[in-house]
Asker: 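Next up is a structure, given as C-alpha cells.
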Amino acid sequence: MDKTKRLSVYLPEKTKAELERMADETGLSMTQLIVMATQGLLANYDAQGGGIFADLLASRHRLLAEAQEKQTQEQQAKLSMQAYYGARAAEYERIYHRDDAGYQRELALIADVIRALAKGKRVLEIACGTGYWSQIAAETAAALTGLDVRPEVLDIARAKPWPHGAPTFTLGDAYDLAAVPGSFDFGLANFWFSHIPRNRIDSFLQGLHQRLGSGAQIIMADNVYVPGRGGELITRPDSEDTYKRRELADGSVHEVLKNYFAYEELADIFKPVSEDLQIFVGSSIWYVSYTVK
C-alpha cells in the first residue's frame with residue numbers, strides 16, 4: 001500500500017524559477033528535485049542535528065528581539081510625551097505668545113486659513129490640547145469635537161469661554177479615531193504631526209482619512225526646526241526619530257519625541273493621499289491643507 005502523502009508547498013517566485021531552470025538542465029522533474037533536496041536536508045539533520053539551523057534561528061531571534069526593543073522604545077516615548085503634556089497643561093499656551101514678529105505673523109496666517117476652510121464644517125480636531133486652535137476653528141465651524149489623550153488639558157479647554165457654542169471635548173487616542181462618535185467633514189491637527197513616530201505616519205493618516213471620508217478637508221500645522229528654540233535637539237543612533245529635551249516651570253525635565261520636516265518631505269508624505277494639496281513652510285511654522293482622496 002502506498003503511504004506517500006501529498007504536501008502542498010509554497011515556493012517564492014525566485015526559488016521556483018531556479019528549480020524550473022534546474023529541471024530543464026537536468027531532465028529531472030521539479031518534484032524529483034524537491035524530494036532529493038528534502039532527503040539531503042533530512043540526512044544532514046540526522047548527521048548534525050539542529051545545529052544546521054543555528055544561523056537561521058539566531059537571525060530570527062535577533063530580529064524578534066530588535067522588534068520588541070523598538071516596540072518598547074515607542075511605548076516609552078508615547079508615555080513620556082503624555083506625561084510631559086499632562087505636566088505642561090497650565091503653561092501650554094505660552095508658546096503662542098512668543099515675542100517674535102515673524103512667528104506671530106505665521107500664527108495669524110494659519111488662524112486665517114483655518115477660519116476660512118472650517119466655515120460651516122463639522123470639525124474633528126486631533127490633539128486639541130487646551131483648545132487654543134479649537135477657539136479659532138469654532139468661530140466659523142458648524143460643530144467641533146476636540147480629542148486629546150490628557151484629561152488635564154481638556155479640563156482647561158472646557159473652562160474657556162465659547163461664545164459660538166461649546167464644542168465637545170473627549171478623551172481619546174489619535175490612533176483609534178474609529179472610536180470617536182460623530183460625523184465629520186473636516187480634520188484639524190495642529191502641532192501634533194511632529195509627535196508621530198515616523199514609522200506610524202502612514203497608519204495615522206490612513207486612520208484619519210478613513211474616519212473623515214473621501215472629500216473631507218484637512219489642515220495640519222507644526223514647527224519648522226529653528227536651532228536653539230524649544231529645547232535641545234536629541235538624535236539617537238538606533239532611531240529614525242528625533243527628540244527634544246525640555247524643562248518645565250516646575251523644574252522637571254522631559255525628553256519628547258519631536259520630528260521636523262522639510263518641504264520635500266511633506267510633499268512626499270501628503271501628495272499620494274491628497275488632492276488640492278497646499279504646502280506652506282515659513283521660518284517658524286509649516287502647514288499643509290488638502291482634500292482627502
Side-chain angles (χ1 to χ4, degrees), residues 82 85-98 103-196 204-205 207-223 274 276 278 280 285-292:
Q82 291 177 10
Y85 277 103
R88 186 187 171 193
E91 55 186 277
Y92 181 82
E93 293 188 15
R94 291 182 186 176
I95 60 170
Y96 299 125
H97 302 289
R98 187 186 304 278
Y103 181 82
Q104 293 302 323
R105 280 195 299 271
E106 291 176 11
L107 280 182
L109 168 65
I110 294 167
D112 287 342
V113 173
I114 290 173
R115 290 186 189 100
L117 293 180
K119 187 175 183 179
K121 300 290 188 179
R122 303 182 307 277
V123 178
L124 173 60
E125 183 181 5
I126 313 301
C128 65
T130 56
Y132 178 88
W133 295 102
S134 312
Q135 285 187 302
I136 292 167
E139 291 178 23
T140 59
L144 185 143
T145 293
L147 178 78
D148 205 283
V149 75
R150 295 303 307 190
E152 300 93 336
V153 295
L154 293 178
D155 288 343
I156 294 173
R158 292 188 185 102
K160 289 185 171 185
W162 296 98
H164 303 282
T168 298
F169 289 106
T170 184
L171 197 66
D173 189 341
Y175 300 105
D176 186 21
L177 298 179
V180 183
S183 176
F184 309 100
D185 56 7
F186 191 91
L188 170 62
N190 278 3
F191 299 88
W192 156 248
F193 198 77
S194 59
H195 297 308
I196 303 174
F204 166 73
L205 290 177
L208 175 61
H209 295 166
Q210 287 178 345
R211 184 64 186 84
L212 297 177
S214 178
Q217 290 182 286
I218 293 175
I219 184 168
M220 301 185 197
D222 219 308
N223 299 107
S274 70
D276 307 317
Q278 301 292 319
F280 167 83
I285 303 170
W286 60 261
Y287 82 79
V288 297
S289 66
Y290 61 94
T291 301
V292 178

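Computation of the quantities below employed the complete heavy-atom set of this structure, encompassing side-chain atoms and omitting hydrogens, waters and symmetry-equivalent molecules.
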Asker: What is the distance from atom NE2 of His195 to atom CG of Asp222, rounded to the nearest 0.5 Å?
Answerer: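 These two atoms lie 6.5 Å from each other.
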Asker: Going from CZ on Phe193 to CG on Leu205, what distance comes out if it is rounded to the nearest 0.5 angstrom?
Answerer: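 That separation rounds to 5.5 Å.
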Asker: Can you see which heavy atom on Leu144 is nearest to which on Ala137, and at what distance?
Answerer: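 Here Leu144 and Ala137 meet closest at CD1-CB, 3.7 Å.
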Asker: Please list every donor-acceptor pair under 3.5 Å in which a side-chain atom of residues 113-121 meets a protein atom from a residue at least two apart or in another chain.
Answerer:
residue : atom : partner : partner atom : Å
Arg115  : NE   : Glu139  : OE1          : 2.8
Arg115  : NH1  : Asp112  : OD1          : 2.9

Asker: With a 4.5 Å heavy-atom cut-off, do Cys128 and Thr145 have their side chains touching?
Answerer: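 Contact flag for Cys128/Thr145 side chains = no.
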Asker: Under 3.5 Å, side chain of Gln217 to main-chain N/O of Val292, donor-acceptor pair present?
Answerer: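 The answer is no, because no donor-acceptor pair under 3.5 Å joins these two groups.
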Asker: Holding to side chain to side chain donor-acceptor pair (under 3.5 Å), I want the full list of residues that pass it with Ser214, two or more places apart in sequence or in another chain.
Answerer: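 Side chain to side chain donor-acceptor pair (under 3.5 Å) check on Ser214 returns nothing, list empty.
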Asker: Of all the heavy-atom pairs spanning Gly131 and Trp162, show the shortest one and how long it is.
Answerer: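 Heavy atoms only, the tightest pair is O-CH2, 4.0 Å.
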Asker: Side chains of Leu177 and Leu147: does their closest heavy-atom pair fall under 4.5 Å?
Answerer: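 With C-beta onward as the side chain, the pair touches.
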Asker: Under 3.5 Å, side chain of Tyr287 to main-chain N/O of Glu106, donor-acceptor pair present?
Answerer: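 A pair under 3.5 Å: no.
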Asker: Using the side-chain contact (heavy atoms from CB on, under 4.5 Å) rule, take Phe186 and Ile219 through it: C-alpha gap first, then chi angles, then the decisive distance, then the call.
Answerer: CA-CA 8 Å; Phe186 191 91; Ile219 184 168; 3.7 Å; yes
Asker: Assign the ring pair Tyr96 / Tyr132 to parallel, tilted or perpendicular, where the plane angle (0 to 90°) is split at 30° and 60°.
Answerer: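 Tyr96 vs Tyr132 ring planes: parallel.
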Asker: Under the salt bridge (charged side-chain N to carboxylate O under 4.0 Å, His left out) test, which residues partner Arg122, sequence neighbours left out?
Answerer: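 Arg122: salt bridge (charged side-chain N to carboxylate O under 4.0 Å, His left out) contacts with Asp185.
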Asker: For Asn223, which residues count as a side-chain contact (heavy atoms from CB on, under 4.5 Å) partner, sequence neighbours excluded?
Answerer: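 Residues passing side-chain contact (heavy atoms from CB on, under 4.5 Å) with Asn223: Phe191, Lys258, Tyr260.
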Asker: Residues two or more places apart in sequence or in another chain: which of them pass side-chain contact (heavy atoms from CB on, under 4.5 Å) with Ala174?
Answerer: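 Ala174: side-chain contact (heavy atoms from CB on, under 4.5 Å) contacts with Ile126, Trp192, Phe204.
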Asker: Are the side chain of Arg211 and the backbone of Leu124 linked by a donor-acceptor contact shorter than 3.5 Å?
Answerer: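 Between the backbone of Leu124 and the side chain of Arg211 there is no qualifying donor-acceptor contact (under 3.5 Å).
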Asker: Would you say the side chain of Pro161 lies within less than 4.5 Å of the side chain of Gln135, judging by non-hydrogen atoms?
Answerer: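 Yes, side chains in contact.
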Asker: For His209 and Tyr290, what are the C-alpha separation, side-chain angles and deciding distance, and is it a ring pair (Phe, Tyr, Trp, His ring centres under 6.0 Å)?
Answerer: CA-CA 11 Å; His209 295 166; Tyr290 61 94; 5.6 Å; yes
Asker: Quick one: closest heavy-atom pair of Gly146 and Leu154, and the distance?
Answerer: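 Minimum heavy-atom separation between Gly146 and Leu154: O-CD2, 4.5 Å.
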Asker: Which atom pair, heavy atoms only, marks the closest approach of Ile285 to Ala221?
Answerer: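 Answer, listing the atom of Ile285 first, then Ala221: CG2-CB, 4.3 Å.
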Asker: Might you confirm whether atom CZ of Arg98 has over 12 heavy atoms from other residues, nucleotides or ligands at distances under 6.0 Å?
Answerer: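 Yes, because the 6.0 Å sphere around CZ of Arg98 holds more than 12 heavy atoms from other groups.
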Asker: Can you list the steps and then say if Trp133 with Ile110 is a side-chain contact (heavy atoms from CB on, under 4.5 Å)?
Answerer: CA-CA 10 Å; Trp133 295 102; Ile110 294 167; 3.9 Å; yes
Asker: Taking only residues two or more places apart in sequence, or in another chain, which ones meet Asp176 in a salt bridge (charged side-chain N to carboxylate O under 4.0 Å, His left out)?
Answerer: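 Asp176: no salt bridge (charged side-chain N to carboxylate O under 4.0 Å, His left out) contacts found.
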Asker: What distance separates Glu125 CD from Thr168 OG1, expressed to the nearest 0.5 Å?
Answerer: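 OG1 of Thr168 is found 12.5 Å from CD of Glu125.
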